[in-house]
Amino acid sequence: MKYDIADLSLSPEGKKRILWADNEMAVLATIRRRFAKSKPLRGLNVSACLHITAETGNLARTLKAGGANVVLCASNPLSTQDDAAASLVKDFGIPVFAICGESRSRYYKHINAAIDHKPVITFDDGADLVNELHTRRKKDAGRIIASMEETTTGVIRLRALANAGKLKFPVIAVNDAATKHLFDNRYGTGQSTVDGVIRATDFLMAGKKIVAAGYGWCGRGFAMRARGMGAIVIVVEVDSIKALEAAMDGFEVMPMAQAAKVGELFVTLTGNKNIIRAEHFRVMRDRAVVANSGHFNVEIDIPALKRMSKKVNRNVRKHVDEYILGNNKRIYLLAEGRLINLAAAEGHPACVMDMSFATQALEAEYVVKKRGKLAVAVHDVPIEIEEQVSRLKLKAMSIAIDEPTAEQIAYLASSGEGT
Ligand SMILES: NC(=O)c1ccc[n+]([C@@H]2O[C@H](COP(=O)([O-])OP(=O)(O)OC[C@H]3O[C@@H](n4cnc5c(N)ncnc54)[C@H](O)[C@@H]3O)[C@@H](O)[C@H]2O)c1
């Protein structure tokens, strides 16, 4: 078995973490048991370019139980949990190509190793693998039945590809499923971003002036959780409706130019680029901290920060680089501007990844059933899969809900009754 990971001897710790996460992933475990019997993915080569974490390990185990030959590579150079990668190789026989802190060239070498596996189904978190299949590895695109996309930024890239008429195979916007973004982006990113910032800085959140750039699913979650810990949260937005929502949710809303002067900690969660730029660094207070939890490391203009700095002290603390500006002002950049929740913490808690990955696993089964019948387009997750995942999750949480009565169903479908 070919693989490329940091250190196979890390496997015992990785195995413990994969099994611990599995305890919180009851929906995925239910699907895994069914897949082990019915083998819906029998003999299919599957390549998944995802954050290599304990939770992803449990998705890979589920796909393998369904009969797939699974290979994993990282979707971010800094997010790999080396112990989980080691255990997947050693204990679960799943080849992994991912090393935490890998160079850009090795990162792409690993994505290419996953394509060398000749997948017919792919999974992406940010569309890097699909992008490779549309550029340097076009010849390998022909055999793809469908590809699943896990995150907002990836869906944006894929829709752009589809709109340009360049998409080569069907893709499923798993991110857009309610069972994904309502929970994973909001509660998962919300909590784990706070966790990442705290692990990187050991800051007290109470009383801290925190600027959240972006009030989408991730931004809402982060702002909500940071406030819950006593921070004074300021929201920066470009969308008038989201800005209004943030204001009525009780947050201060202002442009970045203004927020830059008062913030002590800045977190970008927009999926856009250069949210924090030179003009903002220039007016920030001494020892301001900047971090990103959006998908790519382009939300903070790091090249501008480098140009403005007379000195950079790397790793003044793990995951913290100190940039000293011309006027001796210090700006601290966390995790090189990469996803702070995955770089400095453990990513989303298993309980929410359970829903995202259950949706992914059921979607893999679905695209095999629909093989050859799906249009080359970006597809939504069918409502039946969303309902299946939410019902299983409620069951796992021992929560029962009501069923509408026959009378209520008829009432909602009629227009006759009024005042
Ligand atoms: N850290 C993680 O683990 C994690 C998890 C899920 C998603 N993501 C990523 O986080 C990013 C945001 O995802 P989302 O689901 O919240 O997306 P979203 O579309 O719901 O929200 C993004 C928000 O950013 C705002 N925005 C865009 N440009 C801006 C600007 N210049 N200034 C201020 N606000 C701006 C948009 O108006 C929007 O409200 C994406 O890159 C996504 O891939 C990260």
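The 12-atom threshold is not exceeded at CE of Met229, counting heavy atoms of other residues, nucleotides or ligands nearer than 6.0 Å. Other residues, nucleotides and ligands contribute only 12 or fewer heavy atoms inside 6.0 Å of the CE atom of Met248. Heavy-atom contacts from other residues, nucleotides or ligands closer than 6.0 Å to CD1 of Ile241 number 12 or fewer.
Between the side chains of Ser11 and Ser87, no donor-acceptor pair is found at a separation under 3.5 Å. In this model, no donor atom of one side chain and acceptor atom of the other lie less than 3.5 Å apart for Thr153 and His295. Side-chain contact of Asp249 with Tyr215: a donor-acceptor pair under 3.5 Å is present, judged by distance alone. Side-chain contact check for Asp125 and Asn76: no donor-acceptor pair (N or O, by modelled atom type) lies under 3.5 Å. A donor and an acceptor atom, one from each side chain of Asp176 and His181, are nowhere located under 3.5 Å apart. Inspection of the Ser356 and Thr359 side chains reveals no N or O donor paired with an N or O acceptor under 3.5 Å. Using modelled atom types and a 3.5 Å distance limit, the side chains of Asn112 and Arg137 yield a donor-acceptor pair. Residues Ser293 and Thr189 have side chains that never bring a donor and an acceptor to within less than 3.5 angstrom of each other. A donor and an acceptor atom, one from each side chain of Asn175 and Thr151, are nowhere located under 3.5 Å apart. Between the side chains of Thr270 and Thr268, no donor-acceptor pair of N or O atoms lies under 3.5 Å. For the 3.5 Å distance criterion, the side chains of Arg277 and Asn274 fail to qualify, holding no donor opposite an acceptor.
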One pair to check against salt bridge (Lys or Arg N to Asp or Glu O under 4.0 Å): Glu346 and Arg199. What are the steps and the verdict? CA-CA 10 Å; Glu346 293 173 66; Arg199 289 200 210 189; 3.0 Å; yes
Could you walk me through whether Lys180 and Asn185 pass side-chain contact (heavy atoms from CB on, under 4.5 Å), step by step? CA-CA 7 Å; Lys180 199 275 178 183; Asn185 298 28; 2.6 Å; yes
side-chain contact (heavy atoms from CB on, under 4.5 Å) assessment of Glu150 paired with Gln360: CA-CA 8 Å; Glu150 171 77 5; Gln360 290 277 22; 2.8 Å; yes
For Lys16 and Asp91: C-alpha separation, side-chain torsions, deciding distance, then whether salt bridge (Lys or Arg N to Asp or Glu O under 4.0 Å) applies. CA-CA 11 Å; Lys16 278 189 213 159; Asp91 304 311; over 6 Å; no
Is there a side-chain contact (heavy atoms from CB on, under 4.5 Å) between Lys168 and Ile144 once you walk through the steps? CA-CA 9 Å; Lys168 289 181 176 294; Ile144 306 289; over 6 Å; no
Evaluate the criterion side-chain contact (heavy atoms from CB on, under 4.5 Å) for residue pair Val46 and Val120; output intermediate values, then yes/no. CA-CA 6 Å; Val46 169; Val120 294; 5.6 Å; no
Test salt bridge (Lys or Arg N to Asp or Glu O under 4.0 Å) applied to Asp22 and Arg61, step by step: CA-CA 10 Å; Asp22 200 40; Arg61 289 173 63 204; 3.7 Å; yes
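Glu363 meets the salt bridge (charged side-chain N to carboxylate O under 4.0 Å, His left out) test with no other residue; sequence neighbours excluded. Under the salt bridge (charged side-chain N to carboxylate O under 4.0 Å, His left out) criterion, Arg287 pairs with no residue, sequence neighbours left out. In terms of the salt bridge (charged side-chain N to carboxylate O under 4.0 Å, His left out) criterion, Glu252 has no residue partners (sequence neighbours excluded).
Within the 6.0 Å centre-distance limit, the rings of Phe169 and His134 are counted as a close aromatic pair.
Looking only at distances, a side-chain donor or acceptor of Gln408 sits under 3.5 Å from a matching main-chain atom of Thr405. Between the Asp301 side chain and the Ala304 main chain, a donor and an acceptor come within less than 3.5 Å of each other. With Lys273 contributing its side chain and Ile300 its backbone, the two residues share no donor-acceptor pair below 3.5 Å. Looking only at distances, a side-chain donor or acceptor of Thr135 sits under 3.5 Å from a matching main-chain atom of Asn131. The backbone N or O of Ser75 sits less than 3.5 Å from a side-chain atom of Tyr107, completing a donor-acceptor pair. Remark: the backbone N or O of Leu182 is paired with a side-chain donor or acceptor of Arg186 at under 3.5 angstrom. Between the Asn292 side chain and the Phe296 main chain, a donor and an acceptor come within less than 3.5 Å of each other. A donor-acceptor pair is defined here as one N or O able to donate and one able to accept, closer than 3.5 Å; no such pair exists between the side chain of Glu264 and the backbone of Ile210. Counting only distance, with no hydrogens or angles, the side chain of Glu365 and the backbone of Leu41 share no donor-acceptor pair below 3.5 Å. Between the side chain of His110 and the backbone N or O of Leu72 there is no donor-acceptor pair closer than 3.5 Å.
To the nearest 0.5 Å, the span separating OH on Tyr187 from CG on Asp184 amounts to 12.5 Å. Taken from CD1 in Ile385 to CG in Asp380, the straight-line distance is 11.5 Å, to the nearest 0.5 Å. To the nearest 0.5 angstrom, Phe97 atom CZ is 11.0 Å from Arg106 atom CZ. Phe266 contributes atom CZ, which lies 7.5 Å from atom CD1 of Ile234 (distance to the nearest 0.5 angstrom). Note that the CD atom of Glu407 and the CG atom of Leu412 stand 10.5 Å from one another [nearest 0.5 Å]. Residue Arg32 holds its CZ atom at 8.5 Å from CE of Met25, rounded to the nearest 0.5 Å.
Here Glu245 pairs with Arg220 in a salt bridge; the nearest charged N to carboxylate O distance falls below 4.0 Å. The existence of a salt bridge linking Lys15 and Asp83 is excluded, since no basic side-chain nitrogen approaches an acidic carboxylate oxygen closer than 4.0 Å. One finds no salt bridge joining Lys109 and Glu102 here, because no Lys/Arg side-chain nitrogen approaches an Asp/Glu carboxylate oxygen to under 4.0 Å. At a threshold of 4.0 Å, the pair Arg391-Glu386 does not count as salt-bridged, since none of the basic side-chain nitrogens sits closer than that to a carboxylate oxygen.
Counting heavy atoms from C-beta outward, Val27 and Lys393 have side chains that approach closer than 4.5 Å.
Closest heavy-atom contact between Ala84 and Thr53: CB-C, 4.0 Å.
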